[in-house]
Number of protein chains: 2
Amino acid sequence: MKKSAQATINDVARLAGVSKKTVSRVINRSPLLNEETRERVEKVIAEIGYVPNPQARALALRRNFLIGLIHDNPNPHMVLNVQHGLLEVLRDTEFELIVHPVDRGSPTMLDDIRRFLERQRPYGVMLLPPISENDSLADLCSEIGTRYVRMGSAPFDEAGHMVASNDREAVRGAVGHLVEMGHRRIGLVLGPHGFRSAFERSQGYEAAMEDADIPLQRTLIAQGDYTFESGMRAAERLLDLSPRPTAVFCSNDAMAAGVLHTARQRGLDVPRDLSIVGFDDTTIASYLWPPLTTVRWPIATMARAAALKLIGDGEDEESAESLFVSTLIRRASVAQATD
Amino acid sequence: MKKSAQATINDVARLAGVSKKTVSRVINRSPLLNEETRERVEKVIAEIGYVPNPQARALALRRNFLIGLIHDNPNPHMVLNVQHGLLEVLRDTEFELIVHPVDRGSPTMLDDIRRFLERQRPYGVMLLPPISENDSLADLCSEIGTRYVRMGSAPFDEAGHMVASNDREAVRGAVGHLVEMGHRRIGLVLGPHGFRSAFERSQGYEAAMEDADIPLQRTLIAQGDYTFESGMRAAERLLDLSPRPTAVFCSNDAMAAGVLHTARQRGLDVPRDLSIVGFDDTTIASYLWPPLTTVRWPIATMARAAALKLIGDGEDEESAESLFVSTLIRRASVAQATD
DNA sequence: TTGTACGCGTTATCAA
DNA sequence: TTGATAACGCGTACAA
């Protein structure tokens with residue numbers, strides 16, 4: 001009777017002259033339904049603008065219509081792109097996105113996530129690297145019965161649970177490009193220990209060097225941790241070498257920016273004296289001077305695919321694309337080797 | 001009886017030998033409760049690790065324990081900082097963050113948001129600029145009864161509903177710094193029409209020029225839209241001027257990066273030939289060469305304050321800080337004027 | 001093909 | 001200060 005309140009399933013049932021259950025069947029597209037009654041009910045639904053109450057549904061179904069994004073502080077560019085991709089799919093559905101960052105390193109992380117899953121009962125969750133690489137986390141989701149999709153730099157779960165890039169091949173191609181440009185003393189700035197992406201990218205570097213029959217030199221490999229500052233430090237070590245490397249592959253753009261920064265501080269001209277390649281194609285890559293040659297991976301596309309796997313009915317989504325290709329974006333930070 | 005299932009309020013009631021309602025009172029810290037019973041109930045709760053089911057609570061209370069972040073595509077740096085700030089406060093509470101981007105420009109935006117609020121019934125929402133400047137949106141929240149806090153570049157709502165920076169004063173100081181360094185032909189790259197922040201920042205520029213008794217020249221003011229590309233275009237116009245401006249204030253960092261880019265393409269040395277000041281202090285500001293002098297505003301701090309206003313019981317939170325100060329970060333993109 | 005009766009886990013009403 | 005009972009709005013056995 002209250003005009004202000006939302007219409008409920010009871011209102012629909014009363015107005016359509018059927019039972020709640022029948023309305024419920026219409027909403028949930030039950031196959032056994034008289035076409036005539038269905039139309040009548042749908043007409044009423046449209047007329048009074050009825051929408052099912054998510055809270056009540058969640059209570060009855062023991063499952064919320066929320067998609068969780070569980071991550072641990074990777075780079076902002078990546079997190080936001082994932083959110084965009086996810087939301088693009090979710091926009092026209094009844095699902096909403098709930099963001100739940102966690103603290104890798106905290107010994108209670110798994111317990112925290114368990115509590116989150118058991119309390120909120122999200123319909124599904126997307127796991128971002130690096131914690132997506134944690135198998136116990138995936139097991140936890142299975143145990144609780146929450147759908148999940150892991151994002152990673154290589155496939156490490158079934159297609160239905162995975163959206164992966166192929167970082168190894170991507171880097172192999174990127175470093176191969178450096179070789180084609182005549183470089184042979186090519187430095188590598190590693191990502192942090194324990195990150196699968198860092199490992200895959202270093203393997204790509206090694207593969208490219210082997211392709212070109214260039215023996216690996218440990219001195220040309222510098223440790224980094226994906227931060228700008230670590231890129232600067234790595235560059236300081238690398239640029240002290242004699243002979244200097246003529247090119248450097250950096251495992252992400254932030255470190256590449258750091259290397260560029262240090263090179264410039266030392267009065268080196270990029271790319272004439274030093275070619276630089278990054279990874280991620282964040283916005284800074286094109287803002288820098290010179291614009292950075294880098295590897296672009298389709299984050300938003302992968303997130304969209306993940307969302308489809310998460311909310312899909314498990315038919316063709318399971319078999320849908322789960323490995324995505326990256327592309328080398330050639331800009332101005334790479335030049336022909338001169339010596 | 002099922003060991004696997006979550007304990008419910010009934011289990012607690014049975015074990016403690018009280019009624020459901022009493023347990024409910026304990027949970028909700030009702031004041032009229034025998035201290036003895038309270039302790040007994042709390043003991044049971046701790047023993048069996050009971051946690052209230054959010055879905056059931058939401059249904060009964062007609063209100064979810066979710067904080068919504070409603071925004072329209074401002075820059076990633078800002079969105080993520082807001083999320084961080086919000087989540088920092090929410091982390092130790094029962095609240096979760098639900099992210100809901102909308103499409104400013106879409107004629108159905110208000111209806112979309114209304115549906116979101118009526119369906120999800122978030123406990124409160126945070127509104128980010130530029131849509132936070134939309135008064136009908138705030139009215140909508142009031143009408144529906146959803147708590148809200150608006151973020152903005154100047155206060156335009158009551159303290160309880162507002163976290164604001166003071167962009168005008170911040171820019172006045174930044175441009176004042178340029179004047180102190182001897183600049184008088186100072187260009188301005190505007191933000192997009194209709195953005196309060198763009199307006200406030202331009203007002204700050206004008207105030208600083210007036211402070212220095214420098215007459216405003218329209219040719220020194222170029223339109224931009226907060227993108228890198230618009231910064232490049234603005235710079236092309238500004239650098240064609242004769243005499244050239246010796247400094248430029250850009251209404252955000254992305255445009256400052258664009259100006260820097262164009263200056264470099266023309267062989268100008270920054271800061272020797274041109275000083276540049278940005279706004280936001282995004283990460284790119286420090287990655288650029290030269291590192292960018294820019295205005296930093298405390299986004300995460302403001303988001304934390306907003307979260308407290310949102311979930312607080314309306315006591316001192318209302319009166320808590322709602323205006324935040326920005327600071328000029330001096331880096332290397334500004335030099336003494338030479339002519 | 002449709003309806004009845006009840007459960008989901010919590011809070012609110014109102015009497016005790 | 002406490003408790004029985006009824007919402008909250010939807011889904012599901014099971015019967016019709």
Side-chain angles (χ1 to χ4, degrees), chain A residues 1-2 4-42 44-45 48-66 94 115 118-121 123 145, chain B residues 1-2 4-42 44-45 48-66 94 115 118-121 123 145:
Chain A
M1 286 301 146
K2 301 168 244 167
S4 64
Q6 292 288 309
T8 77
I9 197 170
N10 291 305
D11 300 326
V12 178
R14 184 164 36 76
L15 265 44
V18 297
S19 74
K20 278 170 40 168
K21 179 55 193 170
T22 302
V23 178
S24 175
R25 286 204 181 88
V26 172
I27 296 170
N28 298 302
R29 310 181 188 295
S30 162
L32 19 75
L33 248 180
N34 187 318
E35 194 52 41
E36 202 178 323
T37 26
R38 171 194 301 277
E39 280 171 13
R40 184 150 41 94
V41 172
E42 278 178 343
V44 174
I45 289 181
I48 67 176
Y50 163 74
V51 274
N53 176 311
Q55 284 76 37
R57 257 154 85 84
L59 181 57
L61 287 172
R62 295 129 156 269
R63 161 166 291 206
N64 238 316
F65 280 41
L66 298 173
E94 59 199 323
R115 216 177 34 220
E118 285 179 344
R119 283 174 51 86
Q120 295 303 132
R121 298 180 184 283
Y123 191 88
Chain B
M1 286 302 144
K2 301 170 237 162
S4 63
Q6 293 286 312
T8 76
I9 198 171
N10 291 306
D11 301 326
V12 178
R14 185 165 33 78
L15 264 44
V18 296
S19 76
K20 283 171 30 168
K21 182 58 193 169
T22 301
V23 179
S24 175
R25 288 203 180 87
V26 172
I27 296 170
N28 297 302
R29 311 179 188 294
S30 163
L32 19 73
L33 249 181
N34 188 318
E35 195 52 42
E36 202 176 324
T37 13
R38 172 195 301 278
E39 281 171 14
R40 184 150 41 95
V41 172
E42 279 178 343
V44 174
I45 289 180
I48 67 176
Y50 163 76
V51 275
N53 176 311
Q55 285 76 38
R57 255 154 87 84
L59 180 58
L61 286 172
R62 293 131 157 266
R63 161 166 290 204
N64 239 315
F65 280 39
L66 298 172
E94 58 198 325
R115 215 176 34 218
E118 285 179 343
R119 283 174 52 85
Q120 295 304 132
R121 298 180 183 282
Y123 191 88

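A note on names: the letters A, B, ... follow the listed sequences, proteins ahead of strands, and every chain is numbered from 1.
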Query raised in the report: Between A/Thr37 and C/dT2, does any side-chain N or O lie under 4.0 Å from OP1 or OP2?
Result: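 Yes.
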Requested in this report: Would you indicate, yes or no, if D/dT2 has its OP1 or OP2 atom less than 4.0 angstrom from a side-chain nitrogen or oxygen of B/Thr22?
Outcome: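 Answer no for this pair, as no side-chain N or O of B/Thr22 is under 4.0 Å from OP1 or OP2.
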Query raised in the report: Going 5' to 3' along nucleotides 9-16 of chain C, which nucleotides have protein heavy atoms under 4.0 Å from the base (write B), which only from the sugar-phosphate (write S), and which from neither (write -)?
Result: BBBB----
Query - Partners passing side chain to side chain contact (heavy atoms under 4.5 Å, CB included) against B/Ala60 (at least two apart in sequence or in another chain) - result: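 B/Ala60: no side chain to side chain contact (heavy atoms under 4.5 Å, CB included) contacts found.
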Query raised in the report: Considering residues at least two apart in sequence or located in another chain, which fulfil the side-chain hydrogen bond (donor to acceptor under 3.5 Å, both in side chains) criterion with B/Ser24?
Result: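 side-chain hydrogen bond (donor to acceptor under 3.5 Å, both in side chains) check on B/Ser24 returns B/Asn28.
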Query raised in the report: Rounded to whole angstrom units, what separation is found between the CG atom of A/Asn64 and the C1' atom of C/dC8?
Result: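 One finds 13 Å between C1' of C/dC8 and CG of A/Asn64, rounded.
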Query - Integer-rounded Å distance: C/dG3 C1' and A/Arg14 CZ - result: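 In whole Å, C/dG3 C1' lies 17 Å from A/Arg14 CZ.
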Report task. State which residues pass salt bridge (Lys or Arg N to Asp or Glu O under 4.0 Å) with A/Glu94; sequence neighbours excluded, sorted by chain then number. Result ->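 A/Glu94 satisfies salt bridge (Lys or Arg N to Asp or Glu O under 4.0 Å) with A/Arg57 only.
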Report task. Kindly write out the residues that satisfy salt bridge (Lys or Arg N to Asp or Glu O under 4.0 Å) with A/Glu39, not counting sequence neighbours, or none if the list is empty. Result ->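 For A/Glu39 there are no salt bridge (Lys or Arg N to Asp or Glu O under 4.0 Å) partners, ignoring immediate neighbours.
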**Report entry** Which atom of B/Val18 lies closest to which atom of B/Arg40, heavy atoms considered
**Finding:**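 Minimum heavy-atom contact is CG1-NH1, 4.0 Å.
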**Report entry** Where at least one partner belongs to residues 23-36 of chain B, residue pairs that pass salt bridge (Lys or Arg N to Asp or Glu O under 4.0 Å), sequence neighbours excluded
**Finding:**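 For residues 23-36 of chain B: B/Glu35-B/Arg38.
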